[in-house]
Amino acid sequence: MICKSLFVYTLAICFAGAVIAQEDHVFKREQMVKTQLQDRGIIDPLTLYAMLNVPRHKFVPKNLVEHAYRDGALPIGSNQTISQPYIVAYMTETLKLKSTDRVLEIGTGSGYQAAVLGKIVDSVFTIEIIQDLAVSAKSRLEYLGYDNITVNWGDGYHGWPEKAPFDAIMVTAGADSIPQPLLDQLKIGGRMVIPVGSNDNITYLVSVLKKKDRVITKNMFPVRFVPFTRKQ
Ligand code: SAH
C-alpha cells in the first residue's frame, strides 16, 4: 500500500516537473521573440509566429537545451552550428514569404531553420551535405510532425532541379559566390538570401531578387557563417 502511494506520488512529481519545464521553454521563447527579435525590428507577423511556435530546444544537443533560447549560435555536432535566433528571423523575413510558397534551403543542419520556414510556407525542400546531420534532421522533423519538409543528403550547390522552380531560396552556409544553379532554379520574381564572401574578405548577408531580365543583389550586413563546402 505504502509502496503504491509512493509510486503515484513520484509519478505526480515527475509529471509536474515536466509541465514546469515545458512552461519554462514557452516563457523563454516568448522572451526571445520580444527582446531578440521585435525589439531589434523584426515585424513580419509570419516570421514572428513561426519563431514563437518552433521549439528551438528540440533542435539543439541535449546538454545545451537550457541555452537553446539565448542570443547566439550553438554547436550542433559535426563542427556545425545552429544560427542565432535573430539571424534566422532576419533571413526568414527577408524572403517575404507567402503561405503558398515553395522554398529551397541549402544547409539543413539541425533542421531548425527548415522548421521555421515550414510553419510559414506550403513546402520546404532542404539539402545537407553532411550525412549524419541530414539523417538526424530528417528523423527529428518527422518526429516533430513537420510533414511539409523534405530533407535530402547531398551538395546543395546544384540545388534540387527536380523540385524547381522555387519562390524563395535560403542558403545558411557562407559561399564564395552565388551558385548559378540556384539562380537558375529561382522563379521570376523569386527571392534568395545567402551569405557571400571569400576567405580574405568579409562575408555579407546578400539578398537577391530575380527579375525577368536581370538579377538585383543587395549587401545587407556582415555576418559569420560556417563555410559552404563542396562534395569531392
Ligand atoms: N540551417 C541550419 C544551420 C546551418 S549550419 C539550422 O537551422 O540548424 C550550415 C550547414 O550547411 C551545415 O550543416 C553544413 O554542413 C551545411 N552545408 C555546407 N555546405 C553545404 C552544401 N554545399 N550543401 C548542403 N549543405 C551544406
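Counting starts at 1 for both ligands and their atoms, in listed order. By convention here, the first residue in the shown sequence is residue 1. The structure displayed is predicted, hence computed values, not measured ones.
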Tell me whether [X] reaches ligand 1 (any heavy atom closer than 4.0 angstrom to a ligand atom).
X: R230; result: no
X: G154; result: yes
X: K231; result: no

- Item | Note: K34-D39 ion pair, threshold 4.0 Å (strictly below) |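 A salt bridge links K34 with D39.
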
- Lys/Arg N to Asp/Glu carboxylate O, E142 vs K138, below 4.0 Å: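 Yes, charged N to carboxylate O under 4.0 Å.
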
Specify the protein heavy atom at minimum distance from [atom]: its residue, its atom name, and the distance to 0.1 Å.
atom: atom 7 (O) of ligand 1; value: Q113 N, 3.0 Å
atom: atom 22 (N) of ligand 1; value: T229 O, 2.6 Å
atom: atom 23 (N) of ligand 1; value: G156 N, 2.8 Å

Under 4.0 Å from any heavy atom of [X], which atoms of ligand 1 are there?
X: I106; answer: 23 (N), 24 (C)
X: L133; answer: 13 (O)
X: A173; answer: 11 (O), 18 (C)
X: S110; answer: 6 (C), 7 (O), 8 (O)
X: E105; answer: 1 (N)

For the side chain of [X] and the backbone of [Y], is there at least one donor-acceptor N/O pair under 3.5 Å apart?
X: D167; Y: L97; answer: no
X: D155; Y: K231; answer: yes
X: R140; Y: S110; answer: yes

- Closest candidate by heavy atom, reference atom 5 (S) of ligand 1, pool T81, L74, V116: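 Checking each option, the heavy atom nearest atom 5 (S) of ligand 1 is found in T81.
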
- P227, G109, A175, G107: member with heavy atom nearest to atom 1 (N) of ligand 1: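 Ranked by closest heavy atom to atom 1 (N) of ligand 1, first place is G107.
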
Using a heavy-atom cut-off of under 4.0 Å, does the side chain or the backbone of [X] touch ligand 1, or both, or neither?
X: V88; answer: neither
X: Q80; answer: side chain
X: I129; answer: both

- Geometric cation-pi criterion R56 and Y112, 6.0 Å radius, 45° cone: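 Here R56 passes the 6.0 Å and 45° test against Y112.
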
- Query: Is the shortest N/O to N/O distance between S83 and ligand 1 below 3.5 Å?
  - Reply: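 The answer is no, given that S83 and ligand 1 share no N or O pair closer than 3.5 Å.
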
- Item | Check: T92/Q113 side-chain N/O donor and acceptor closer than 3.5 Å |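 Yes.
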
- Query: If you measure from OH on Y69 to CG on D24, what distance do you get to the nearest 0.5 Å?
  - Reply: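 Going from the OH atom of Y69 to the CG atom of D24 covers 9.5 Å.
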
- Task: Look up atom CG in D122 and atom OG1 in T100, then write down how far apart they are to the nearest 0.5 Å.
- Result: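 OG1 of T100 is found 7.5 Å from CG of D122.
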
- Message: Can you confirm whether more than 12 heavy atoms, excluding those of R40, are under 6.0 Å from its CZ atom?
- Response: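 Check passes, neighbour count above 12.
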
